[in-house]
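Reading through the structure tokens given below for one structure.
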Amino acid sequence: MMVHPSARSIRKTILLALGTAFTTTTTLPSSSQCIVSAFGIARNNNALHIKTNLHNKQKHFFSSSSTTTATILFSNNDTPATLPSFETKEDYIKYLSSPVSDLPKGFEIGTGAGKFIPVEAPMMGELPIRATVIHLKDGPTDNWAAVFTKNKCPGSPILVGRKRLSSNTPINALVINNKISNVCSGGDGVANAEHVCKAVADSLSLSHGMESVLPCSTGVIGWRLPAKELAEDVVPKAIESMQSASAMGAAEAIMTTDRYPKLRSKTLSNGARIVGIAKGAGMIEPNMATMLSYIMTDASIDKKTLQSYLSEVVDQSFNSISVDGSESTSDTVVLISSNQVPTDITEEFKDALYEISQGLAADIVRNGEGTGHVMRIQIANFPGSDKDARNLGRFIANNALFKCAISGNDPNIGRLAGAIGSFMGRFNDGECSDATEKMTLTLGGRVIFTDGKFKLEGDAVERELSDHMKDAQLGEVDEFPKHQRFVEIGVNFAEGEGEGSAIVLGSDLTAEYVSVNADYRS
């Protein structure tokens with residue numbers, strides 16, 4: 001169904017006019033949360049006056065997670081740094097379907113669904129597959145940026161994307177399919193990806209042909225891309241459904257084992273808009289970005305600046321998360337501009353890009369396969385670089401014993417200390433291992449280890465630590481994020497030991513995670 005370009009403004013008018021007819025009860029973050037992103041970066045409540053120290057080293061610990069209940073009218077066009085809590089899946093979907101998902105100027109999106117029979121496993125019969133097409137209506141743009149996985153067994157779309165990026169090819173459309181990742185499969189994976197790109201280019205009559213289409217795939221590794229089914233059936237359906245109102249359909253269509261869609265948005269003071277969507281739930285410890293993320297903007301900013309900003313942003317967002325310690329072969333994040341709004345407020349743009357990327361990264365961990373808790377691990381005064389500090393945070397987040405303790409609301413903090421000691425014993429050949437003697441560890445804001453000794457006295461402390469974990473608990477199969485709380489873990493080396501700092505988000509380990517991955521292909 002075609003949607004008139006003015007549908008977005010009409011929808012806004014209706015929302016504002018009818019008022020309470022479009023309200024839903026959710027839980028808003030407290031004022032302290034409103035100025036703290038998922039990664040603990042302080043922000044000003046006024047989006048037009050973002051703090052200038054946003055990109056300074058992450059030195060401070062933020063652990064507030066209190067919430068208050070309120071009624072929200074969906075008239076605000078942007079998602080906050082910390083999303084509200086939700087009572088039902090319907091409330092969450094309604095919220096993302098509100099004007100917070102309005103597309104930037106110059107974009108239209110369509111999705112289509114079909115079926116295929118995998119050549120590698122025909123006994124599985126017909127399986128569903130979806131495709132999403134993101135189209136720049138007014139022609140190709142030179143102003144786009146991308147960061148791809150560093151996995152040495154990359155998917156064929158990664159190879160195509162790297163070629164497009166390095167050759168400065170203008171981009172007019174993106175095509176994304178789920179179910180099959182087109183990685184190291186039989187046949188010619190690159191040719192299959194290009195075949196789908198050609199179908200998009202032909203259907204949209206793109207002036208620069210298939211080379212102006214950027215392909216992306218996610219799903220099963222090792223299976224051939226059903227290029228014929230995509231090109232002849234699914235892509236045409238996607239193009240027939242093109243609309244320029246909302247990104248919500250695309251956020252849903254790119255999902256695989258995701259339990260719910262992920263979307264963030266921000267409007268700049270000059271009216272330019274940034275909207276990001278992402279997918280990812282398992283095989284998550286990116287070494288560049290996230291599983292798949294697409295950030296669209298109508299702000300006119302040159303390619304070199306976009307690439308510089310994107311490369312910087314991913315280190316403090318998508319590169320600082322882990323669900324299961326597994327780096328994907330298909331990780332891709334794309335930032336693309338339709339050049340509709342002249343923009344010279346580049347620092348404000350960069351701040352907004354940070355907020356959106358960090359929000360999406362946190363959403364991915366919270367939506368992880370079987371995730372029951374999200375850990376926020378904050379490292380300070382590490383005797384090394386920020387990257388070294390981030391590696392320690394990821395090492396803690398990936399420790400199976402500690403992850404299981406978090407899952408069970410068991411404050412078995414000896415596993416935390418053991419993980420840190422293991423990492424430090426290997427770091428720089430153990431030369432910095434004595435740094436742990438002056439280390440302070442906190443859980444939920446309470447000091448649990450200092451001066452080389454645990455600080456655990458009595459049942460009251462045990463209950464306090466366990467209650468903190470319970471307060472942050474999520475449903476392992478929930479189809480919406482009930483809240484945005486974390487299990488707060490602090491690792492602070494003594495002042496003067498070093499200047500490395502990082503904030504890493506990680507998931508616990510549950511039986512549901514094993515269940516999902518035991519039969520992922522079906």
Side-chain angles (χ1 to χ4, degrees), residues 1-2 108-136 140 148 153-164 169 171-243 249-250 252-258 279 291-292 294 328-330 332 334 520-522:
M1 179 182 68
M2 297 297 291
E108 62 179 356
I109 290 177
T111 63
K115 294 184 179 297
F116 75 103
I117 297 176
V119 174
E120 294 78 6
M123 68 177 64
M124 298 182 73
E126 287 189 331
L127 299 176
I129 191 168
R130 289 180 291 184
T132 299
V133 176
I134 300 174
H135 178 221
L136 280 77
F148 300 105
C153 291
S156 294
I158 299 294
L159 301 179
V160 175
R162 287 174 179 167
K163 183 179 179 181
R164 303 266 203 271
T169 302
I171 294 298
N172 208 157
L174 292 81
V175 58
I176 308 117
N177 72 270
N178 72 348
K179 196 60 179 180
I180 301 295
S181 64
N182 193 12
V183 177
C184 302
S185 59
D188 190 333
V190 169
N192 286 336
E194 293 283 24
H195 183 66
V196 177
C197 289
K198 186 176 187 303
V200 173
D202 289 349
S203 296
L204 292 172
S205 301
L206 302 184
S207 59
H208 286 62
M210 69 180 186
E211 290 191 353
S212 66
V213 181
L214 188 68
C216 296
S217 299
T218 180
V220 177
I221 293 174
W223 284 5
R224 299 184 192 189
L225 186 73
K228 184 175 185 294
E229 291 86 342
L230 285 168
E232 297 179 6
D233 178 35
V234 185
V235 165
K237 291 177 181 175
I239 291 174
E240 286 176 8
S241 71
M242 282 288 183
Q243 50 82 28
E252 294 178 308
I254 62 176
M255 297 192 304
T256 50
T257 57
D258 306 64
K279 66 80 54 185
M291 300 305 93
L292 293 179
Y294 307 96
S328 170
T329 56
S330 302
T332 299
V334 177
Y520 172 79
R521 296 188 304 171
S522 58

Practice task
Please name all residues satisfying side-chain contact (heavy atoms from CB on, under 4.5 Å) with Pro236, sequence neighbours left out, ordered by chain then number.
Solution key: none
Handout entry: Donor-acceptor under 3.5 Å (Ser212 side chain, Gly209 main chain)
Key = yes
Problem - Minimum side-chain heavy-atom gap Ile171-Pro140 below 4.5 Å - result: no
Problem - Contact check, side chains of Leu214 and Val334, non-hydrogen atoms, under 4.5 Å - result: yes
Exercise for the section: Using modelled atom types only, decide if a donor and an acceptor are shared between the side chain of Arg164 and the backbone of Leu159 within a distance under 3.5 Å. Expected result: no
Problem - Interatomic spacing from NZ in Lys279 to SG in Cys216 - rounded to 0.5 Å - result: 11.5 Å
Handout entry: Ile109 CD1 to Thr111 OG1 distance, which is reported to the nearest 0.5 Å
Key = 9.0 Å
Problem - Qualifying residues under side-chain contact (heavy atoms from CB on, under 4.5 Å), relative to Ala193, sequence neighbours excluded - result: Val160, Asn182, Pro215
Handout entry: Asn172 side chain to His208 backbone, donor-acceptor under 3.5 Å
Key = no
Problem - Beyond-backbone contact of Ser217 with Leu225, side-chain heavy atoms, under 4.5 angstrom - result: yes
Practice task
Please check if atom NZ in Lys198 has more than 12 non-hydrogen atoms from other residues, nucleotides or ligands closer than 6.0 Å.
Solution key: no
Practice task
Would you mind reporting whether Leu292 and Ile176 have side-chain heavy atoms less than 4.5 Å apart?
Solution key: yes
Practice task
Indicate the atoms forming the closest heavy-atom contact of Ala253 with Thr132, along with that distance.
Solution key: CB-OG1, 3.2 Å
Problem - Close side-chain approach of His135 to Leu206, heavy-atom, < 4.5 Å - result: yes
Problem - Any side-chain heavy-atom pair of Val200 and Met210 under 4.5 Å - result: no
Problem - Chi angles and distances behind the side-chain contact (heavy atoms from CB on, under 4.5 Å) call for Lys179, Leu127 - result: CA-CA 9 Å; Lys179 196 60 179 180; Leu127 299 176; 4.1 Å; yes
Handout entry: Selection residues 203-221 - residue pairs positive for salt bridge (Lys or Arg N to Asp or Glu O under 4.0 Å), sequence neighbours left out
Key = none
Exercise for the section: Report the distance from atom CE of Met255 to atom CZ of Arg130, rounding to the nearest 0.5 Å. Expected result: 5.5 Å
Handout entry: Any residue meeting side-chain contact (heavy atoms from CB on, under 4.5 Å) with Val234, in chain and number order, not counting sequence neighbours
Key = Ile129, Ala131, Leu230
Practice task
Hey, could you give me the SG/CG distance between Cys197 and Asn192, rounded to the nearest 0.5 Å?
Solution key: 11.0 Å
Handout entry: Residue pair Ile239, Leu204: steps toward the side-chain contact (heavy atoms from CB on, under 4.5 Å) verdict
Key = CA-CA 8 Å; Ile239 291 174; Leu204 292 172; 3.8 Å; yes
If you look only at distance, which donor and acceptor atoms sit under 3.5 Å apart when one is on a side chain in residues 112-126 and the other is two or more places apart or in another chain?
{"unit_1": "Glu120", "atom_1": "OE2", "unit_2": "Arg224", "atom_2": "N", "d": "2.9"}

Distance-only donor-acceptor pairs under 3.5 Å for side chains of residues 184-191, two or more places apart:
{"unit_1": "Asp188", "atom_1": "OD1", "unit_2": "Val190", "atom_2": "N", "d": "3.3"}
{"unit_1": "Asp188", "atom_1": "OD1", "unit_2": "Ala191", "atom_2": "N", "d": "3.0"}

Completion exercise
Here the gap from Lys163 atom NZ to Ile158 atom CD1, rounded to the nearest 0.5 Å, amounts to 15.5 Å
